[in-house]
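Lettering follows sequence order; numbering is per chain, from 1. Computed from a predicted structure; not experimentally measured.
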There are 2 protein chains.
Amino acid sequence: MLNSLDAAFVETLESQLPKGTIQPADNRYLEEPRGRYFGQPGFVAKPKSTKEVSIIVAACNQARVGVVPYGGGTGLVGGQVCPDGPVPLILSLERMNAIRNVHAEENVIIAEAGAILQNVQEAAEEKGLLFPLSLASEGSCGIGGNLATNAGGLNVLRYGNTRDLCLGLEAVLPDGQIWNGLTRLRKDNTGYDLRNLLIGSEGSLGVITAAALKLFPRPQNYGTALFTVPSPDAALELLNLSRRVAGNDVSAFELMHRVGLEFLRETLPEVRQPFEDLPEWLVLLDLGVIGSQDCSELLLHIFEDGMERGVVLDGLVAQNATQREQFWAVRERIPQANKRIGSIVSNDVSLPLSEIANFIDEGRRKLEALGNIRLNCFGHLGDGNLHFNVFPAKGKSRDEYADLRQEIQTVVNELVASKGGSFSAEHGVGRLKAETLEIYGDAAKLSAMRAIKASLDPNGIMNPGAVLR
Amino acid sequence: MLNSLDAAFVETLESQLPKGTIQPADNRYLEEPRGRYFGQPGFVAKPKSTKEVSIIVAACNQARVGVVPYGGGTGLVGGQVCPDGPVPLILSLERMNAIRNVHAEENVIIAEAGAILQNVQEAAEEKGLLFPLSLASEGSCGIGGNLATNAGGLNVLRYGNTRDLCLGLEAVLPDGQIWNGLTRLRKDNTGYDLRNLLIGSEGSLGVITAAALKLFPRPQNYGTALFTVPSPDAALELLNLSRRVAGNDVSAFELMHRVGLEFLRETLPEVRQPFEDLPEWLVLLDLGVIGSQDCSELLLHIFEDGMERGVVLDGLVAQNATQREQFWAVRERIPQANKRIGSIVSNDVSLPLSEIANFIDEGRRKLEALGNIRLNCFGHLGDGNLHFNVFPAKGKSRDEYADLRQEIQTVVNELVASKGGSFSAEHGVGRLKAETLEIYGDAAKLSAMRAIKASLDPNGIMNPGAVLR
């Protein structure tokens, strides 16, 4: 059993740390973006070094006080706030935000956990290189949180998830030991993969304090096209065709449905939509070419092949940077339109690519059988990642669907599971989906996870209640 | 403590399995390629299904009998044979060799652990796709072993290690539970990364029975060049330059030293060497282009840029497939030449890319101070992976250096550690390097590894003595 943080513990811990390291936690450490959880008033520790993190975690472990690691606070599943149970210490990495080094000739950057993602991107750019992780909250999320949650974002198709961008970690384990795993090696087969175990464990197995991350050459030419396609299956065929033409230069492949475009027109009419008649299905294809190839030529080639095979109905290639931005705005502003409409249930699911079309059809049928709803389905098709969001019928409010919410969620979860999908593609488990994990997680995996958690964190101090309850 | 396999246990287990599943282990299960270890006579189980693997492992766990998973038997660190201690059961996956499915439209293949790597490659090729893992033993190694050891090989620069090629696993955990983790998902953030924990754990945490693996479009044009370069540092600059020109189409970047070329000339004079005057440093650059770009043009561009920057001294671009093979033969036959010369110590190390040049210089100085030796240093420069092999002076035999062997090994290990490198880049730990891991492994990582091992395999049945002693 954990103990609540108390004045005596705070006082003892303060005496071991520089003045000002521990402070009362103001509201920003207790809130989370979706407003579902509110943390308990308490204290936040703001260490400036790995050694200080180690002192803090070791003290908490000894006193059996919970530790909630805190990055930018942008997580969407409540992993960053502990709303009940014994009061934990919040451990913010915000002061450990240095870019320790850019090894440009190795394509490696070493960043501390509290470094804001955008600062990591900019440090790479200063050396003419690319750190490809890119997501909506990049101006405020910390790279440590990106790693702890294995963040996804816009460039996964080409560069992988955050996990794939990490070469090495420095971390403090639940007993306070510092793991110096900050390697810049591309190959290292010397024991268990502790790096990937910590990545995606959402602070429940230790605190990431720094990381060695991969950098890449920056593409020299960019190209963007919008294609209307007859179906999600056609979109998948178009994706494969694009990769045969442009290989790894395909950076993004986003699918949108007419309902999303209607939401845009309804709530954000200033967003310019290139197709006057809203298409049933729309694909945004983005290329970033390294070398001298002409993006427009590649996109034209894809368009012609796609027309010939009947997987493209119409297409537009952005002629300049302004048009590229306009095309991207269609995709990027759909979440904002969704917010204005107000979803009953929103989902961040992934599916095997060839199951997506069936999933959408079946899901639509099942949900429409439950009530009069609108479905907006869009997402990173190239990653099999679908935002499958359910909205009230036109003129109705989400509150009128309160009774249906749980049933809708269950229908979606069951269908995802039956197709071999995941109920959380990029957002993680946190506190919001800990029960869902118990229901849909593989039994052997869950038992292994519990064994691992108990072995590395026998007192259960790390982010109590997150991932595993 | 483990118990030795005995007749009573074998009899009981046989009664639960189809006839013929358990057989006396003939020599091929007891030998390993380097001849350093010889397994104890005993029995081999050859299950045909995951369920049978589960029965076997559960029975061994209950009786506390060790289990040594066995794939193609090609590992180079003794991970596949248990030379002493209580006699274990050998668990060969050879009968579980099915390609269960090729999801061509998803770029995914599902293969059982016993499938020979070459058969996986061919199943992908039949669908016009590429499974890029490629290594010397591909005709006999099993994909399960490749995963268990996180094999590297020729295409790591472009496609990553085996770990990077795996989407999902099916495995039997040490208590016999079957983990159904055979997902085809590109994104799935629902709990700890058990997949990567098992990959590279060398059979010490469970038995991989099947895997979902990534496939890729096949390159449409190939191009190969040999460049002479003034130094390893220049080679590194050439690598970065190549990637700016050809991006992800750079498939291989191999560094060779004059000593290796001399060994070839001495022991395999039939290998055609394109440069009459053997260069001090030689780079082989391989491109595999997706799309319509001309490889020769790209290679010429790289050559010209390299000359201008002074990182290339001379170069040859293969004009046809025969020449490509000739160029590759220079690189691929060096290990055979090495064998004929007979090394005192051979190493499979990796280093941060920018440390390679210093490592080679310092290593050479330190080794030459120990005695009259020849150093052949070559490898996958793009991965920071160096084979740093020490040979007798001309006219001397390796036996004359027996007294020096340990000292040479220690000098290399110490230098690797001091440069932030790894003593095992691709071969793993097995039994050969378990002690080295204890010496050079990070203390916190080792303690976490031991905790994880104890939690998942409390009786220590899985591959006893491998990785952790």
K.L.:
Tell me, for A:His380 versus chain B, whether the close heavy atoms (under 4.5 Å) come from the side chain, the backbone, both or neither.
P.N.:
side chain
K.L.:
Rounded to the nearest 0.5 Å, what separates atom OG1 in A:Thr190 from atom CE in B:Met449?
P.N.:
8.0 Å
K.L.:
Provide the closest heavy-atom pair for A:Ser447 versus B:Gln177 in the form atom of the first, atom of the second, distance.
P.N.:
OG-NE2, 2.8 Å
K.L.:
Between the main-chain N or O of A:Thr149 and the side-chain N or O of B:Asn189, is there a donor-acceptor pair closer than 3.5 Å?
P.N.:
yes
K.L.:
Relative to chain B, which of A:Gly428, A:Ala443, A:Gly441 shows the most heavy atom pairs under 4.5 Å?
P.N.:
A:Gly428
K.L.:
Measure across A:Lys453 and B:Tyr192 and return the closest heavy-atom pair with its distance rounded to 0.1 Å.
P.N.:
CD-OH, 3.7 Å
K.L.:
State, to 0.1 Å, how close B:Leu185 and A:Gly421 come at their nearest heavy-atom pair, and which atoms those are.
P.N.:
CD1-C, 3.7 Å
K.L.:
Looking at B:Asp175, B:Leu205, B:Leu446, which one has more heavy-atom pairs under 4.5 Å with chain A than the rest?
P.N.:
B:Leu205
K.L.:
Hey, mind stepping through B:Ser354 and A:Arg184 against side-chain contact (heavy atoms from CB on, under 4.5 Å) and telling me if it holds?
P.N.:
CA-CA 10 Å; B:Ser354 61; A:Arg184 285 133 57 197; 3.6 Å; yes
K.L.:
Pick whichever of A:Gly191, A:Ala246, A:Ser201, A:Pro217 has the most heavy-atom pairs under 4.5 Å with chain B.
P.N.:
A:Gly191
K.L.:
Heavy-atom pairs under 4.5 Å with chain B are the metric here; pick the option from A:Glu426, A:His103, A:Arg244 that has the most.
P.N.:
A:Glu426
K.L.:
Between the side chain of A:Asp442 and the main-chain N/O of B:Trp179, is any donor-acceptor distance below 3.5 Å?
P.N.:
no
K.L.:
Which atoms of A:Arg195 come close to chain B, meaning under 4.5 Å heavy atom to heavy atom: side chain ones, backbone ones, both, or neither?
P.N.:
side chain
K.L.:
Is the number of heavy atoms from other residues, nucleotides or ligands under 6.0 Å of B:Lys419 NZ greater than 12?
P.N.:
yes
K.L.:
Is the backbone of B:Asp188 close enough, under 3.5 Å, to the side chain of A:Asn161 for a donor and an acceptor to pair up by distance?
P.N.:
no
K.L.:
Relative to chain A, which segment of B:Asp383 carries a heavy atom at a distance below 4.5 Å: side chain, backbone, both, or neither?
P.N.:
both
K.L.:
Quick one: what part of B:Arg218 sits under 4.5 Å from any heavy atom of chain A, side chain, backbone, both or neither?
P.N.:
neither
K.L.:
Which residue out of A:Asp249, A:Asn385, A:Leu437 racks up the most heavy-atom pairs below 4.5 Å with chain B?
P.N.:
A:Asn385
K.L.:
By a 4.5 Å heavy-atom criterion (distance strictly below it), what part of B:Asn107 contacts chain A: side chain, backbone, both, or neither?
P.N.:
side chain
K.L.:
Counting heavy-atom pairs under 4.5 Å with chain A, which one of B:Gly291, B:Ala425, B:Ala451 comes out on top?
P.N.:
B:Ala425
K.L.:
Does B:Phe216 form a side-chain contact (heavy atoms from CB on, under 4.5 Å) with A:Asn248? I'd like the steps, not just the answer.
P.N.:
CA-CA 10 Å; B:Phe216 296 83; A:Asn248 199 57; over 6 Å; no
K.L.:
Does any backbone or side-chain atom of B:Glu237 lie under 4.5 Å from a heavy atom of chain A? Answer side chain, backbone, both or neither.
P.N.:
neither
K.L.:
Measuring heavy-atom distances to chain A, does B:Leu468 have an atom under 4.5 Å in its side chain, in its backbone, in both, or in neither?
P.N.:
side chain
K.L.:
Of all of B:Gln293, B:Arg450, B:Arg243, which one pairs up most often with chain A through heavy atoms under 4.5 Å apart?
P.N.:
B:Gln293
K.L.:
Quick check on the interface: out of A:Val429, A:Leu194, A:Leu351, A:Asn150, who has the most heavy-atom pairs with chain B under 4.5 Å?
P.N.:
A:Asn150
K.L.:
Is it the side chain or the backbone of B:Arg163 that comes within 4.5 Å of chain A heavy atoms, both, or neither?
P.N.:
side chain
K.L.:
In terms of heavy-atom proximity below 4.5 Å to chain A, should B:Val156 be classed as side chain, backbone, both, or neither?
P.N.:
side chain
K.L.:
Which distance, rounded to the nearest 0.5 Å, do you find between the CZ of B:Arg186 and the CG of A:Leu157?
P.N.:
9.0 Å
K.L.:
Go through the atoms of B:Ala454 and report whether side chain, backbone, both or neither lie under 4.5 Å from a heavy atom of chain A.
P.N.:
neither
K.L.:
Is the backbone of B:Glu105 close enough, under 3.5 Å, to the side chain of A:Asn240 for a donor and an acceptor to pair up by distance?
P.N.:
yes
K.L.:
Report which part of B:Ile452 has an atom under 4.5 Å of a heavy atom belonging to chain A: side chain, backbone, both, or neither.
P.N.:
both
K.L.:
Quick one: does any side-chain atom of A:Ser350 pair with a main-chain N or O of B:Lys187 as donor and acceptor, under 3.5 Å?
P.N.:
yes
K.L.:
I need the residue from A:Leu197, A:Val467, A:Leu456 with the largest number of non-hydrogen atom pairs under 4.5 Å to chain B.
P.N.:
A:Leu456
